[in-house]
*Asks:* 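Have a look at this one.
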Number of protein chains: 2
Amino acid sequence: MKENSLLGYALLGLIHQQPRSGYDLRKIFANTPMGTFSDSPGAIYPALQRLEERGFVTSRVHASSGLRRRRLFRPTSSGKRAFRAWQTSSINSDDVIHRADELMLRFGFMDETAGAAQATRFLKALAKELAAYIPILRKFLKVQGAGMPLSGKLALESGIRGYETLLHWAKSALGIYKRSKKRGARK
Amino acid sequence: MKENSLLGYALLGLIHQQPRSGYDLRKIFANTPMGTFSDSPGAIYPALQRLEERGFVTSRVHASSGLRRRRLFRPTSSGKRAFRAWQTSSINSDDVIHRADELMLRFGFMDETAGAAQATRFLKALAKELAAYIPILRKFLKVQGAGMPLSGKLALESGIRGYETLLHWAKSALGIYKRSKKRGARK
DNA sequence: AGGTTCATGTAACCCGTTACATGATTTC
DNA sequence: GAAATCATGTAACGGGTTACATGAACCT
């Protein structure tokens with residue numbers, strides 16, 4: 001079921017936008033806010049090889065006139081299907097607690113590969129899980145806080161605020177999708 | 001230089017508070033907000049073995065009357081030194097971008113192992129790095145936003161808000177340390 | 001007596017890190 | 001023609017995941 005690493009899905013999503021080479025992908029990770037992923041060749045080239053072995057991408061070497069040879073990757077239909085399945089799979093509390101990065105990566109490509117309806121579905125589910133989890137953390141802090149050192153309490157407070165911020169963001173993003181849908185319908 | 005994994009430091013920090021067994025540590029990761037770490041035995045027991053091999057902890061089996069045998073771990077002086085060195089090492093932009101989790105773990109044990117002065121030093125350095133990084137992200141969003149799909153823009157916005165929240169938190173935490181120091185000095 | 005919880009371990013596998021290697025093309 | 005950049009790879013290593021294994025103590 002867990003067919004690819006997070007890096008693998010990031011690569012799949014990026015070549016979904018347009019065919020890219022390993023070097024293109026490295027540059028994206030090196031020079032954009034997607035830089036949470038490693039731009040090291042030892043991570044990216046093997047990851048692309050795995051994607052190809054699994055039939056999620058194909059590659060072809062382009063060496064057009066005076067340019068350096070570049071191996072361009074593009075997703076197969078099977079790759080597109082696997083990506084969409086990963087992206088639209090249901091969200092549970094474990095995802096929120098242990099895999100927040102993965103959730104945001106899933107959402108980042110949502111428009112291009114799954115559409116606005118899936119995006120709102122995703123945001124609603126995320127907001128629901130966050131609304132359930134935040135009070136649990138708040139209660140823990142209240143009950144256990146007395147016996148915790150100040151820095152420990154503050155670290156937990158920081159984590160909670162992060163989740164609260166994410167919840168606010170999800171709600172405002174939902175509003176944006178709702179308005180853009182209405183505007184689209186009015187046309 | 002990179003002597004231990006993040007899990008290793010988490011374990012070191014926890015047994016610094018009091019001697020604990022592998023099972024104690026698993027329970028902490030299973031039942032508290034420190035649950036971002038894996039509670040699987042396949043992660044924890046080998047990690048403890050590594051810490052022992054490297055001389056950062058010692059262990060002794062306790063089997064006192066009618067209780068199940070438990071191997072209790074406690075840090076060595078070398079372990080305490082390594083932990084403190086890790087915890088108080090300087091913060092750079094890379095830490096903020098790629099290792100935010102690690103920063104928060106370092107801070108969470110700060111009072112117990114490094115003191116309030118180090119905590120304020122840490123918070124100031126963190127705030128400085130965040131204040132430098134956030135405008136870079138904001139600018140990227142402004143410049144590149146037009147060519148990005150809505151969900152991509154929103155995902156980036158979410159990340160930025162996360163950093164902004166962290167910056168606000170760091171400033172308010174600094175205020176708390178400052179006030180508690182004053183109160184301490186008045187006595 | 002049998003199931004559950006306590007408690008500690010091991011082994012295969014996957015994959016990211018780090019470091020090294022190679023050659024072609026552009027730039028000065 | 002030397003240096004920098006483009007572009008793609010490989011290999012050793014570390015450590016987390018998953019799954020399996022074992023036995024003691026506690027509960028009913």
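Just so it is clear, the values below take in all heavy atoms, side chains as well, and ignore hydrogens, waters and symmetry mates.
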*Asks:* Between dG9(D), dC15(C), dT17(D), which one does the side chain of Arg54(A) approach most closely?
*Replies:*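 Of the candidates, dC15(C) comes closest.
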*Asks:* Out of dA7(C), dT10(D), dG16(C), which has the shortest distance to the side chain of Ala43(A)?
*Replies:*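 The answer is dG16(C), which lies nearest to the side chain.
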*Asks:* Measuring from Thr36(A):OG1 to Asp101(A):CG, what's the distance to the nearest 0.5 Å?
*Replies:*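 The CG atom of Asp101(A) is 6.5 Å from OG1 of Thr36(A), to the nearest 0.5 Å.
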*Asks:* Got a list of protein N/O to nucleotides 20-24 of chain C N/O distances below 3.5 Å?
*Replies:*
none

*Asks:* Whole angstroms only, please: what is the CG-C1' distance between Leu51(A) and dT8(D)?
*Replies:*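 From Leu51(A) CG to dT8(D) C1': 16 Å.
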*Asks:* Taking 4.0 Å as the cut-off, does a side-chain nitrogen or oxygen of Arg26(B) come that near to OP1 or OP2 on dC6(C)?
*Replies:*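 The answer is no; no side-chain N or O of Arg26(B) sits under 4.0 Å from OP1 or OP2.
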*Asks:* Report the residue from Trp86(B), Phe56(B), Phe37(B) that forms a ring-ring contact (aromatic ring centres under 6.0 Å, His included) with Tyr9(B).
*Replies:*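 For Tyr9(B), the ring-ring contact (aromatic ring centres under 6.0 Å, His included) test succeeds with only one of Trp86(B), Phe56(B), Phe37(B), which is Trp86(B).
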*Asks:* For dC14(C), does either OP1 or OP2 sit under 4.0 Å from a side-chain N or O belonging to Ser5(A)?
*Replies:*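 Looking at the OP1 and OP2 atoms of dC14(C), neither is under 4.0 Å from any side-chain N or O of Ser5(A).
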*Asks:* Grab the CG-C1' distance between Asn4(B) and dC13(D) for me, whole Å please.
*Replies:*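 Those two atoms, CG and C1', are 16 Å apart.
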*Asks:* Let me confirm one number: the OG-CG distance from Ser89(B) to Asp95(B), rounded to the nearest 0.5 Å.
*Replies:*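 Ser89(B) OG to Asp95(B) CG: 7.0 Å, rounded to 0.5 Å.
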*Asks:* Would you kindly give the CG-to-P distance between Leu25(B) and dG16(D), to the nearest whole Å?
*Replies:*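 Interatomic distance, CG of Leu25(B) to P of dG16(D): 14 Å.
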*Asks:* From the options dT8(D), dA7(C), dT17(D), select the nucleotide whose nearest atom is closest to the side chain of Tyr23(B).
*Replies:*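 The answer is dA7(C).
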*Asks:* Please state whether the phosphate of dT17(D), meaning OP1 or OP2, lies under 4.0 angstrom from any side-chain nitrogen or oxygen of Arg99(A).
*Replies:*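 It does not, given that no N or O in the side chain of Arg99(A) lies less than 4.0 Å from OP1 or OP2 of dT17(D).
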*Asks:* Between C1' on dT5(C) and CZ on Arg70(B), what's the gap in Å once rounded to a whole number?
*Replies:*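 One finds 14 Å between C1' of dT5(C) and CZ of Arg70(B), rounded.
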*Asks:* One thing to verify: whether Lys27(A) and Asp39(A) come together as a salt bridge, which I'm taking to mean a side-chain N less than 4.0 angstrom from a carboxylate O.
*Replies:*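 Salt bridge absent between Asp39(A) and Lys27(A).
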*Asks:* For Phe122(B), run the ring-ring contact (aromatic ring centres under 6.0 Å, His included) check against Phe109(B), Phe107(B), Tyr177(B) and tell me which one passes.
*Replies:*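 That would be Phe107(B).
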*Asks:* Flag the pair Trp169(B) / Tyr163(B) as yes when their ring centroid distance falls below 6.0 Å, and as no otherwise.
*Replies:*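 Not under 6.0 Å, so no.
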*Asks:* Does dC15(C) have OP1 or OP2 under 4.0 Å away from a side-chain N or O of Arg50(A)?
*Replies:*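 Yes, within the criterion.
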*Asks:* If we only count heavy atoms from C-beta on, is the Pro75(B) to Leu12(B) side-chain gap below 4.5 Å?
*Replies:*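 Yes, their side chains come closer than 4.5 Å.
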*Asks:* Describe the nucleic acid contact of Gly42(A) in one word from base, sugar-phosphate, nothing, applying a heavy-atom distance below 4.0 Å.
*Replies:*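 Base contact - Gly42(A) has a heavy atom under 4.0 Å of at least one base atom.
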*Asks:* How long is the line joining CG of Leu48(A) and P of dA7(D), in whole Å?
*Replies:*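 Whole-Å distance recorded here is 15 Å.
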*Asks:* For Ser151(B) and Gly108(A), indicate whether the former's side chain and the latter's backbone hold a donor-acceptor pair under 3.5 Å.
*Replies:*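 It does hold such a pair.
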*Asks:* Could you tell me how far apart His62(A) (NE2) and dT8(D) (C1') are, to the nearest whole angstrom?
*Replies:*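 It is 15 Å, rounded to the nearest whole Å.
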*Asks:* Please work out if Ser38(A) contacts a base, only the sugar-phosphate, or nothing of the nucleic acid, heavy-atom cut-off 4.0 Å.
*Replies:*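 Sugar-phosphate only.
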*Asks:* Could you check which of dT17(C), dG9(C), dT10(D) has an atom nearest any side-chain atom of Gln49(B)?
*Replies:*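 Of the candidates, dG9(C) comes closest.
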*Asks:* Give the rounded distance in Å between these two atoms: CZ of Phe29(A) and C1' of dA7(D).
*Replies:*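 Answer to the nearest Å: 16 Å.
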*Asks:* Can you tell me the distance, in whole Å, between the OH atom of Tyr45(A) and the P atom of dA7(D)?
*Replies:*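 Tyr45(A) atom OH is separated from dA7(D) atom P by 9 Å.
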